[in-house]
Structures are given as C-alpha cells and as structure tokens.
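Since the structure is predicted, the reported quantities are computational estimates derived from the model, not experimental observations. For the single chain, residues carry numbers from 1 onward in sequence order. FYI, side chains are in, hydrogens and waters are out, and symmetry mates aren't considered; it's all heavy atoms of this structure.
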Amino acid sequence: MAQPEISDRVWTIPNVISFIRLLMVPVFAVLIAQGHDGWALVVLAGSGASDWLDGVLARRLGQASRLGQVLDPAADRLFILITLLGLAMRGVVPWWMVAVLLAREAMLLVLLLLLARRGYGPLQVHLAGKAGTFALLYAFPLLLLAHWGGVIGALASVFGWAFAWWGIVLYWFAGLLYVRQAWPLIMRDDTRPATA
C-alpha cells in the first residue's frame, strides 16, 4: 500500500484535533488536582478518542502533514505524562508506573538528541508505539473509574490494569524498536561529505 503524501500544511483537521488535545492537558491537570473525577474522566476519554480520530482523518482526508507527525506524538506524550503524575499524586496509579514510563521517555529523548546532532529528524512512528499509547490512554480513565467502587469499579480495575500492562509492554517494545532503528544512524562515521 502506498504511503500517504506528507504536506507542509498547518491548518488541517487532524492538526486542529491534536492542538485541542494539547489544550486539554492543563484542563485535565486542574480537574484531577481539584478532585473533579467525573469531568477528568470525560477529558481523558475524549483525549483517547481524539488520538484515534486524528490519525484516521489524516489518512482518509489525505491530510497527513509534517506538523502532524510532530504534534500528534507530542500531544500524546504530554497527556500521558501529566495524566500519570496527576493520577500518581492522587494514589490512583503507583509511582513505579510513572518511573517505568518516564525512563522510556528519557531514553527516547537522548536518542532524538543524538539523531538531531547528526542531522536526522524524528523516526517514523511504529504501530507498536501507537498501540501502546492507545492502551495507556484507555487504561487511565478505567483506572480512575476503578476508584469509584462497586461492580463498575471492579470491572474497570480489571480492564484498566489489563490495558495498563499491555500499554507498558508495547510502549517499551516500541522504544526498543526505535533504538534498533536509530542505532545504525547514530553509529555512522562523522566524515560524511558536507553539502554545499
């Protein structure tokens, strides 16, 4: 199947959706800090749905863009980070989960810096990375709902932790794929001819 054409457009429907998701990060942070769990749950669910929607629209409308290739994963990572910290501070998720996911992000940050020093841009997003992100974005609202108790809370806990574990494994698997993909580029000889 042919790869979609990547444009330099800024104002596309998928980019607007990703930008709105970025704007919802501080909204979620305030809601979770103030204990408005119902509204925080709505924002989390909306974020997960919008992450799926912007990718589908980019492909179906032919609106894949260079900005979207940066904006979408940046919005995902920022939302995951703020959500993790907010939920950990509330005792919804354990701090070891924060450490495990932040360690992966730190590894990728170093990788991106090394690639940038050699003149390479960000790596192509792997399906495993997207699947891990989806799993985590579905896990967080379920884990928040699990603290409400009752049958719904019990079911949410089971499904939430299932999504969380799959998300963590896929997130790290994708991270290792990025390392494998980037390592030959990083280890290339620095004596490449300079372009005029």
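Under the 4.5 Å side-chain heavy-atom criterion for ILVMFWY residues, no single connected hydrophobic cluster contains both Tyr120 and Leu177. Tracing side-chain contacts under 4.5 Å through hydrophobic residues (I, L, V, M, F, W, Y), one never reaches Leu113 starting from Met187; they form parts of separate clusters. Val100 is connected to Ile82 through a chain of hydrophobic side-chain contacts under 4.5 Å among Ile, Leu, Val, Met, Phe, Trp and Tyr, so both are in one cluster. The hydrophobic cluster containing Phe140 does not contain Leu170, counting ILVMFWY residues as joined when their side-chain heavy atoms lie under 4.5 angstrom apart, directly or transitively. Trp39 and Val30 are not part of a single hydrophobic cluster, where members link through side-chain heavy atoms under 4.5 Å apart.
For the residue pair Arg104 and Tyr178, the shortest heavy atom distance occurs at NH2-CE1, 3.7 Å. Annotation for Ala139 and Gly160: closest pair CB-O, 3.4 Å, computed over non-hydrogen atoms. Heavy atoms only, all atoms of each residue included: Ala174 and Ala128 are closest at CB-C, 3.9 Å. Of all the heavy atoms in Pro141 and Leu41, the pair that sits closest is O-CD1, 3.1 Å.
Residues satisfying the side chain to side chain donor-acceptor pair (under 3.5 Å) criterion with Glu105, sequence neighbours excluded, are Arg77, Tyr171. By the side chain to side chain donor-acceptor pair (under 3.5 Å) test, Ser50 pairs with Arg21, sequence neighbours left out.
Rounding to the nearest 0.5 Å places CG of Leu114 at 9.5 Å from CG of Leu109. Of the inter-residue distances, the one linking Leu81 atom CG with Leu101 atom CG reads 10.0 Å to the nearest 0.5 angstrom. Separation of atoms OH (Tyr138) and CZ (Phe159) is listed at 14.5 Å; rounding is to 0.5 Å. The structure places CG of Leu87 at 6.0 Å from CG of Leu144, a figure rounded to the nearest 0.5 Å. Put simply, CZ on Phe163 and CG on Leu136 are 10.5 Å apart, with the number rounded to the nearest 0.5 Å. In this structure, Leu53 CG and Ser18 OG are separated by 9.5 Å, a value rounded to the nearest 0.5 Å.
Other residues, nucleotides and ligands place more than 12 heavy atoms under 6.0 Å from the CH2 atom of Trp161. Heavy atoms from other residues, nucleotides or ligands lying under 6.0 Å from CH2 of Trp11 number 12 at most.
Side-chain contact between Trp95 and Leu85: present, with at least one pair of heavy atoms (C-beta onward) separated by less than 4.5 Å. No side-chain heavy atom of His36 sits under 4.5 Å from any side-chain heavy atom of Phe28. With a 4.5 Å cut-off on side-chain heavy atoms, Leu111 and Ile186 count as touching. Two residues are said to be in side-chain contact when any heavy atoms from C-beta on lie closer than 4.5 Å; Ile17 and Ile13 meet this criterion. Side-chain atoms of Met107 and Trp172, non-hydrogen and from C-beta on, do get closer than 4.5 Å to each other.
At distances below 3.5 Å, at least one donor-acceptor pair connects side-chain atoms of His147 with backbone N or O atoms of Leu143. Remark: side-chain polar atoms of Ser47 are not paired, donor with acceptor, to backbone N or O of Val43 under 3.5 angstrom. In this structure a side-chain-to-backbone donor-acceptor pair under 3.5 Å is present from Arg90 to Ile32.
For the side chain to side chain contact (heavy atoms under 4.5 Å, CB included) criterion with Ile80, the lone passing option out of Leu78, Thr83, Leu84 is Leu84.
In the model, Thr12 has a side-chain atom that pairs as donor or acceptor with a side-chain atom of Asn15 under 3.5 Å.
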